[in-house]
Each structure stands twice: as C-alpha cells, then as structure tokens.
Amino acid sequence: MAPTPPTDRRPLVISGPSGVGKGTLYGKLFAAHPDTFTLSVSHTTRKPRDGEQDGVHYHFVTMEEFEGLIAKDGFVEHAKFGSNRYGTSKATIEEQTAKGKVVVLDIEMEGVKQIKASSLGARYVFIAPPSFEALEKRLRGRGTEDEDAVVKRLDQARVELEFAKTPGVHDITIVNDDLDKAYAELEAYVYKK
Ligand code: ADP
Ligand code: 5GP
C-alpha cells in the first residue's frame with residue numbers, strides 16, 4: 001500500500017497521562033497508514049518491558065549515557081518522569097525527518113513545554129481519559145509497572161490533566177473512551193485539510 005501522507009506534515013506531539021492509550025492510538029494510525037508516520041524513538045533510563053526492543057520502542061541507556069548526551073547538548077528536550085529520565089535526541093528528529101515521514105513524538109508535559117519553546121513547528125494532541133478511575137484501571141490492567149511506579153504515574157497524571165487545561169496548550173484534546181471513536185477523531189484531525 002502506498003503511503004498516505006496528510007496535508008499537514010508537521011510533527012505530531014502526542015501527550016496524555018500514562019495508561020490513557022496514547023501508544024494504542026498511534027499504533028492504529030501507523031497500522032492504517034503504512035510508511036506514512038514514524039515514531040521518534042526516545043532515549044530512556046527505564047528498563048525495557050517484556051517485548052520492548054532497543055532502538056524500536058526506545059533507546060535504552062544508562063544514567064551515565066543519558067547525562068553524557070545532555071552534556072553534549074544532544075537533546076531537543078528531556079525530562080524526568082517517575083524515577084527515570086526520557087529525552088528526544090536531536091539526531092533522532094533529524095534522521096526521522098530526513099525519511100520524509102511525519103514524525104510522532106510521545107512525550108510528557110515538560111517535554112511538550114520545551115518543544116513549544118523550540119523552533120520545531122508541531123501539532124499538539126492531548127489524549128484524556130473518560131475518568132480518573134478508568135485511567136487507573138487501564139494503567140493497572142496493563143500490568144507493566146510495580147505498585148510504586150503506578151502510584152507515581154497516577155500522581156503525575158493529575159499534574160498532566162491540570163496542565164492540559166491551560167488555554168491554547170494543545171491543538172486538540174481527544175477523550176479516549178470508546179477506542180474506535182477516539183481513533184476516528186485522531187485520524188480526522190491528522191488528515192484535516
Ligand atoms: P499509554 O501509551 O498512554 O501509556 P497504552 O496505549 O499502553 O497507554 O494503553 C494502556 C492500556 O489501556 C492498554 O492495556 C490498552 O490496551 C488499554 N486501552 C487503550 N485504549 C483503551 C480504551 N479506549 N478502552 C479501554 N482500554 C484501552
Ligand atoms: P513509558 O515509561 O510509559 O514508556 O513513558 C512514560 C512517560 O514518558 C509517558 O508520558 C511518555 O509520553 C513520556 N516520554 C516518553 N519518551 C519521552 C521523551 O523523549 N521525552 C519526554 N519528555 N517524555 C517522554
């Protein structure tokens with residue numbers, strides 16, 4: 001199937017609390033439009049989950065390696081999330097943009113603020129849960145985090161949801177209640193003429 005690029009090819013910055021369904025939603029976008037989008041593969045000090053591959057889901061690095069990259073001014077943005085660090089390297093953005101695909105960034109709110117302050121023109125999509133209870137159920141249901149990390153993520157979710165109320169910070173907020181409906185909204189926004 002030939003790529004189906006949207007008219008607006010600016011990078012898509014997708015944020016929202018952990019467990020809300022960001023990965024699920026852009027996974028559907030990638031599957032529906034092969035060779036059109038590309039994930040900005042972040043660097044992280046977090047340990048890989050079962051099935052996560054180095055260089056595909058993340059570049060898994062040590063704290064020393066991460067700090068070395070900061071010292072070399074290698075990041076467009078970086079942040080601490082829970083007990084780990086995450087960042088988008090300049091090299092990653094350049095490589096992906098060179099492929100001619102629409103780059104998708106899955107980042108938390110401190111990264112969003114830094115991208116907004118940078119020269120990268122982007123579109124900002126916020127994914128919200130239908131309720132805090134539903135978010136907690138999804139995060140726990142995914143079963144990827146221990147209790148300590150779940151509690152940290154839920155605390156941070158409150159901060160992310162509060163930040164998202166700032167007027168003008170996101171171009172669109174999509175409530176991920178029914179998955180197919182939320183996906184249809186995402187696709188319609190991405191392909192808006
Ligand atoms: P995120 O990338 O935002 O951390 P995930 O995409 O990993 O979140 O989704 C978290 C969990 O919620 C996964 O188990 C996923 O299958 C589930 N999920 C995603 N969207 C929905 C939805 N609309 N309704 C119910 N469960 C969902
Ligand atoms: P997870 O550990 O669930 O993969 O990601 C945790 C959080 O880190 C999510 O909110 C995700 O969007 C965010 N994140 C992932 N990569 C980056 C990054 O490169 N920069 C920033 N700022 N956040 C990131």
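Numbering of residues begins at 1 and proceeds along the displayed sequence. Basis for what follows: all heavy atoms, side chains included, without hydrogens, waters or symmetry-related copies. Both ligands and their constituent atoms are indexed starting at 1 by order of listing.
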Distance under 4.0 Å to a non-hydrogen atom of [X]: what atoms of ligand 2 satisfy this?
{"X": "Ala79", "result": "22 (N)"}
{"X": "Phe81", "result": "6 (C), 7 (C)"}
{"X": "Asp106", "result": "11 (C), 12 (O), 14 (N), 15 (C), 16 (N), 17 (C), 24 (C)"}
{"X": "Arg46", "result": "1 (P), 2 (O), 4 (O)"}
{"X": "Gly111", "result": "22 (N)"}

Report task. Please confirm whether Lys28 makes a cation-pi placement over Tyr183, using NZ or CZ under 6.0 Å from the six-membered ring centre and within 45° of the ring normal. Result ->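 Yes.
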Among all protein heavy atoms, pick out the one at the shortest distance from [atom]; state its residue, atom name and that distance to 0.1 Å.
{"atom": "atom 19 (C) of ligand 1", "value": "Thr24 OG1, 3.7 Å"}
{"atom": "atom 23 (N) of ligand 2", "value": "Glu108 N, 3.1 Å"}
{"atom": "atom 7 (O) of ligand 1", "value": "Arg142 NH1, 2.9 Å"}

Query - Inter- and intrachain pairs under ring-ring contact (aromatic ring centres under 6.0 Å, His included), touching residues 105-132, at least two apart - result: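 Qualifying pairs, neighbours excluded: Phe126-His170.
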Report task. For ligand 2, note which part of Arg49 has a heavy atom under 4.0 Å away: side chain, backbone, both or neither. Result ->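 Within the 4.0 Å criterion, Arg49 contacts ligand 2 through side-chain atoms alone.
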Report task. Indicate, as side chain, backbone, both or neither, the part of Arg153 found under 4.0 angstrom from ligand 2 when only non-hydrogen atoms are considered. Result ->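 Within the 4.0 Å criterion, Arg153 contacts ligand 2 through side-chain atoms alone.
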Query raised in the report: Does the side chain of Lys152 pick up a donor-acceptor pair with the side chain of Ser83 at under 3.5 Å?
Result: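 Result is yes, a qualifying pair exists.
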Query - Contact check, His43 vs ligand 2, heavy-atom distance below 4.0 Å - result: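 Judged by the 4.0 Å heavy-atom criterion, His43 does not count as contacting ligand 2.
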Query raised in the report: Any heavy atom of Glu110 sitting closer than 4.0 Å to ligand 2?
Result: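 No, Glu110 has no heavy atoms under 4.0 Å from ligand 2.
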